[in-house]
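Structure record follows, encoded as structure tokens.
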Amino acid sequence: MAGSPRDPPSRQSEATTAFSLMPELAEVEYFRRQWDCGLGQKILRVQLHARKRVFRGSNTRALGHDLTGSHFLRSESWGKQMLFEFSGGNPEIIGAREKIRSWIGIHLGMTGTLRVEPSDFCPEKHDHLVLRQTKRALVFRDARLFGRVRFHHGKSAPDWWRAGGPDIHSAAFDRAFFDGFLKRHARAPIKSVLLLQSGFAGIGNWMADEILWRAKIAPLRTAGSLSSTRRDRLFRETRFVAIESLRIISPAFGDPPRDWLIHQKWKRNGVCPRHRTPLCKAMIGGRTTVWCPLCQR
DNA sequence: CAACCTGTTCGCCA
DNA sequence: ATGGCGAACAGGTT
């Protein structure tokens, strides 16, 4: 498991439990960068498992046709979404309109990964998309098929890109937006609201619990019940966890700091990192939620 | 071996 | 019309 070149680095908490990989904000950014070594290079061949669920709603024929012969130009991520841009591709299209581009959008779902393999790489069962270049293969793997690959061909980025809320680490994610979003979902548990990608782009299950623990807010409290003081804390800790995760995890899949809640979350008998109180566990918003009953109110 | 886990979408309901 | 919620999806892991 750990150490295989085709798996991302595995994390190991100080106990025996390795916690599973769930691509959230910083992990997505880490995976996006894995394909950077292929930037500027030509795509010689495209291999894909056209009937797999990850391609739902996408024209796989057009994807294969238009990416073949194109150059990988750039990529960006937004929340848990990634966008990869390629030059027009097939010669006849380039000749017609040189500004036409091809784009693929990738969402990693729960088990998706992006990685690079040598040029003699042979795709396995779960390697649903492989972009072959002269010196390497860019690979998308997803065992559970909750991920998604979208395709777009045109002069500008597709409509489905940037359809959601602002980046948490951007100026657009301000108190006015934050307060408005909480007000709009006033009757839902705050844990559920933190998982809504239209307001908290990139926040997933572990980040949401980490944020609530730091802000000392119980996950079942409704968004509308939070005082201005509590919203201050929540806003600040949301930004802190997002920015710190990006700083620590994205470059090399680093471990979050030892005193973060996530290290306790997957243990059978996890305790609050502040005062070692046993943590509570429950299903909130359809997700396993862990919190400290002492400091989170 | 069957239940479990998980992010997003979809349909239903208030 | 809008938002909250549970089911469905898939398959490796327990």
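Residue numbers start from 1 in every chain, and the chains themselves are labelled A, B, ... in the order their sequence lines are given, proteins ahead of strands.
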Strictly under 4.0 angstrom, non-hydrogen atoms only: write out the protein contact profile of nucleotides 4-10 of chain C, one letter per nucleotide from the 5' end, B, S or -. SS---BB
Taking the inter-plane angle between the rings of A:F235 and A:F173 on a 0 to 90° scale, is it parallel (under 30°), tilted (30 to 60°) or perpendicular (over 60°)? parallel
List the steps, then state whether salt bridge (Lys or Arg N to Asp or Glu O under 4.0 Å) holds for A:E210 with A:R214. CA-CA 6 Å; A:E210 195 75 49; A:R214 293 189 64 91; 5.5 Å; no
Length of the line joining A:E124:CD and C:dG11:P, which is rounded to integer Å: 16 Å
How many whole angstroms separate atom CZ of A:F181 from atom P of C:dT2? 15 Å
Distance alone, cut at 3.5 Å: any donor-acceptor contact between the side chains of A:Q264 and A:W213? no
Nearest whole Å is fine: how far is B:dC5 P from A:L195 CG? 16 Å
Distance-only, no hydrogens or angles: does the A:R132 side chain make a donor-acceptor pair with backbone N or O of A:F121 under 3.5 Å? yes
Under 30°, 30 to 60°, or over 60°: which ring-plane class applies to A:F240 and A:W260, parallel, tilted or perpendicular? tilted
Between CG of A:N205 and C1' of B:dT8 the distance, given in whole Å, is 13 Å
Just by distance, do the side chain of A:W78 and the backbone of A:G165 share a donor-acceptor pair under 3.5 Å? yes
Can you check the A:I284 CD1 to B:dC5 P distance for me, whole Å? 14 Å
Does a side-chain heavy-atom distance below 4.5 Å link A:W35 with A:L131? yes
Could you check whether any side-chain N or O of A:S58 sits under 3.5 Å from a backbone N or O of A:V149, counting only pairs where one atom can act as donor and the other as acceptor? yes
In whole angstroms, the gap separating C1' of B:dT6 from NZ of A:K265 amounts to 10 Å
To the nearest Å, give me how far apart NZ (A:K183) and P (C:dG3) are. 13 Å
Would you indicate, yes or no, if B:dT8 has its OP1 or OP2 atom less than 4.0 angstrom from a side-chain nitrogen or oxygen of A:K80? yes
Nucleotide by nucleotide, nucleotides 9-14 of chain B touches protein heavy atoms under 4.0 Å in the pattern (B base, S sugar-phosphate only, - none) ------
Separation of A:E24 atom CD from B:dT8 atom C1', in whole Å? 14 Å
For C:dG12, take OP1 and OP2 only and decide whether either is under 4.0 Å from a side-chain N or O of A:H126. yes
Between A:H185 and A:A223 (side chain of the first, backbone of the second, donor and acceptor by atom type, cut-off under 3.5 Å), is there such a pair? no
